[in-house]
Amino acid sequence: WMKLRVFTAILIPLAAAALYYATPNFDHLPPSIRPHRPLPILAINAIGGLFARLGVLRLPDVDAILASACAAAALPENAPCVFDEPDDRHPVWRDGLRALLASYAADARLTALGTFIARGQAEQWLKTRARLLHAYAALPAGALAAEMIAAPIVIVGMPRTGTTFLHNLLKQDPALRAPMQWELVEPLPAAGATLGAAHVAALQAQLDQYTQLLPGIEEIHPMEATMAEEDVVTFSHEFSSILFWAAYNVSSYAAWVLRRPDHAHAMRWHRKLLQFLQRRARLDVERHVRERNLRAQDAVAPPPPPRWVLKTPWYLAILDDLVAEYPDALVVHTHRAPAAAIASGASVHAKTYGAASDHVDLRALGADQAAYYEEYVRRGLASRRRWKRDGGGRHRAADVQLAELKRDPIGAVRRVYADLGLALSDDAERAMRRWLETRQVRHGGHRWSLGDFGLSADEVHARPVFREYCGEFGVEGCGGG
């Protein structure tokens with residue numbers, strides 16, 4: 001007992017001191033974006049910080065994370081764990097993984113909990129990659145190539161311009177089909193497990209755990225396993241995705257992604273995943289139709305696969321890669337005053353960075369956001385002008401303002417369909433109206449101030465690229481103020 005008393009007398013003050021010094025000061029941050037730090041998280045970060053200083057807790061190297069991802073993939077017994085596609089002599093994903101791990105270490109200033117989260121997410125994408133490549137290899141020759149991805153609708157635009165709202169709204173059309181969050185994050189379960197409600201529920205539980213670290217995130221960017229998900233998640237399998245920059249301050253990695261001369265490798269991976277998902281859904285529908293025909297007097301033919309509706313703001317920066325892979329894509333370009341979009345985007349990043357780091361520099365974040373939005377717009381503007389100059393009709397595009405989506409979402413959708421040469425059915429409109437009543441996705445559901453990030457609307461809109469963009473597309477709200 002004496003030894004226990006001595007040990008306790010020493011340990012309790014040390015633990016209290018560790019918690020005191022590990023408690024960050026967030027008084028400089030607006031209340032809505034201050035990181036959530038209840039006592040359990042403070043304790044994890046305090047104890048983990050001690051282990052980190054001792055060299056016990058650290059990010060894995062490439063070989064270590066590949067080994068742990070193979071174990072997590074839980075492939076069938078004796079199946080090889082493969083991450084490289086056949087005949088890929090220089091897999092870009094390996095360069096991306098190395099750049100990401102280096103940026104975690106150099107830029108992100110992760111807490112102990114942040115280290116666990118970052119490692120777990122990297123393992124998730126590798127696990128999914130290994131399972132998909134195993135599934136692809138087991139298919140009959142040419143099975144994926146036989147799945148035609150015909151004229152997908154692709155929503156592009158700066159972040160925080162209504163792309164998520166519009167994506168989930170269009171998803172209600174029975175003639176359209178969006179990839180769901182669970183299909184992009186973990187489309188296949190472990191060997192021996194069943195693909196079904198339990199698999200989706202497990203992924204929803206993981207999302208719920210993450211959102212608990214970010215109180216209020218649902219108002220900013222809702223996350224549900226069965227919601228439409230954006231393609232930047234698919235690009236994470238290739239480690240060529242701006243998604244990582246949305247969760248961590250990995251500035252050198254984001255610069256690496258932006259510097260890449262092309263993203264054809266990521267678009268090829270994207271097509272294969274869509275083909276895989278489409279094939280699986282088509283075979284399931286055909287099975288149900290066969291079973292129905294056995295019971296019924298008359299026989300019906302299975303319907304054709306619905307048209308894909310896709311989205312990610314990142315497409316604005318790689319429009320040429322997009323139409324190189326999908327020449328018949330129908331593009332919907334969303335618009336918002338750049339100053340408002342930047343402020344909203346910066347507030348989202350400030351919120352998400354705080355889940356994994358105690359260091360959130362609002363002015364640096366504002367400067368980074370403005371620079372990246374500027375590059376997105378510069379590239380997107382160049383592509384749209386080139387399309388117009390090269391014949392206009394070759395790449396069909398529709399434009400929609402966020403303000404219009406807010407005022408009259410159904411009217412905006414009708415006009416977008418007309419501009420794309422599509423018919424909006426009565427069933428589709430009714431489904432969209434029902435979904436709007438649920439308010440599952442809100443646009444502009446949080447407050448922010450551009451001045452918090454060291455920027456002003458006048459300064460942002462005076463930048464030549466933004467000035468040209470506002471004039472080219474008649475964007476509302478670009479007058480400063």
Full working for side-chain hydrogen bond (donor to acceptor under 3.5 Å, both in side chains) between Asp107 and Tyr253: CA-CA 9 Å; Asp107 308 320; Tyr253 169 79; over 6 Å; no
| message | Show, in sequence, the C-alpha distance, side-chain angles and deciding distance for Cys478 and Tyr469, and conclude whether the side chain to side chain contact (heavy atoms under 4.5 Å, CB included) test is met. | response | CA-CA 10 Å; Cys478 287; Tyr469 162 75; 5.5 Å; no
Rounded to the nearest 0.5 Å, what separation is found between the [atom1] atom of [X] and the [atom2] atom of [Y]?
X      : Y      : atom1 : atom2 : value
Leu316 : Met158 : CG    : CE    : 8.0 Å
Ile117 : Leu110 : CD1   : CG    : 9.0 Å
Leu213 : Lys351 : CG    : NZ    : 11.0 Å
Ile149 : Lys272 : CD1   : NZ    : 13.5 Å
Ile217 : Ile33  : CD1   : CD1   : 11.0 Å

Is it the case that [X] and [Y] place a side-chain donor and acceptor less than 3.5 Å from each other?
X      : Y      : answer
Gln278 : Trp308 : yes
His167 : Glu230 : no
Ser103 : Ser252 : yes

Verify the ring-centre separation between [Y] and [X]: is it less than 6.0 angstrom?
X      : Y      : result
Trp435 : Phe165 : yes
Phe235 : Trp269 : no
Tyr353 : His359 : no
Phe239 : Phe244 : yes

Measure across [X] and [Y] and return the closest heavy-atom pair with its distance rounded to 0.1 Å.
X      : Y      : result
Phe453 : Leu365 : CE2-CD2, 4.3 Å
Ala151 : Asp328 : N-OD2, 2.8 Å
Arg160 : Arg336 : O-NH1, 2.6 Å
Ala108 : Tyr248 : CB-CB, 4.5 Å
Asp399 : Arg384 : OD1-NH1, 2.9 Å
Ala457 : Leu450 : N-CD2, 3.3 Å

Report yes if some heavy atom in the side chain of [X] is under 4.5 Å from a heavy atom in the side chain of [Y]; otherwise report no.
X      : Y      : result
Pro24  : Pro35  : no
Pro159 : Tyr373 : yes
Leu362 : Pro30  : yes
Met223 : Glu229 : no
Leu188 : Phe276 : yes
Leu101 : Leu97  : yes
Leu132 : Pro187 : yes

Any donor-acceptor pair under 3.5 Å linking the side chain of [X] with the backbone of [Y]?
X      : Y      : value
Asp61  : Ala64  : yes
Thr211 : Asp208 : yes
Thr352 : Ala246 : yes

Using a strict cut-off of less than 4.0 Å between a Lys/Arg side-chain nitrogen and an Asp/Glu carboxylate oxygen, indicate whether [X] and [Y] qualify as a salt bridge.
X      : Y      : answer
Arg463 : Glu468 : no
Arg414 : Asp408 : no
Arg434 : Glu437 : no
Arg177 : Glu183 : yes
Glu85  : Arg268 : no

| task | Using the side chain to side chain contact (heavy atoms under 4.5 Å, CB included) rule, take Glu224 and Gln181 through it: C-alpha gap first, then chi angles, then the decisive distance, then the call. | result | CA-CA 7 Å; Glu224 298 286 343; Gln181 196 269 353; over 6 Å; no
Would the number of heavy atoms belonging to other residues, nucleotides or ligands and lying under 6.0 Å from [atom1] of [X] be above 12?
X      : atom1 : answer
Arg363 : CZ    : no
Phe83  : CZ    : yes
Arg379 : CZ    : yes

Requested in this report: For Thr128 and Glu186, run side-chain hydrogen bond (donor to acceptor under 3.5 Å, both in side chains): C-alpha distance rounded to whole Å, both residues' side-chain angles, the deciding distance at 0.1 Å, then the answer.
Outcome: CA-CA 6 Å; Thr128 295; Glu186 195 167 311; 5.2 Å; no
inquiry  = Would Val185 and Gln206 count as a side chain to side chain contact (heavy atoms under 4.5 Å, CB included) here? Give the steps.
reply    = CA-CA 11 Å; Val185 172; Gln206 292 178 17; 5.6 Å; no
Check: Step by step, would you call Asn249 with His349 a side-chain hydrogen bond (donor to acceptor under 3.5 Å, both in side chains)?
Finding: CA-CA 8 Å; Asn249 181 20; His349 280 230; over 6 Å; no
Q) Parallel, tilted or perpendicular: which fits the ring planes of His270 and Tyr315, with parallel below 30° and perpendicular above 60°? A) perpendicular
- Query: Is the Phe26 ring parallel, tilted or perpendicular to the His28 ring (thresholds 30°, 60°)?
  - Reply: tilted
Item to complete: Check the pair Asp358, Thr111 against side-chain hydrogen bond (donor to acceptor under 3.5 Å, both in side chains), reporting the backbone distance first and the verdict last.
Response: CA-CA 7 Å; Asp358 288 337; Thr111 61; 5.5 Å; no
Set out, in order, the CA-CA distance, both residues' side-chain angles and the distance that settles side chain to side chain contact (heavy atoms under 4.5 Å, CB included) for Glu374 and Phe466, then state yes or no. CA-CA 7 Å; Glu374 202 169 359; Phe466 291 143; 3.9 Å; yes
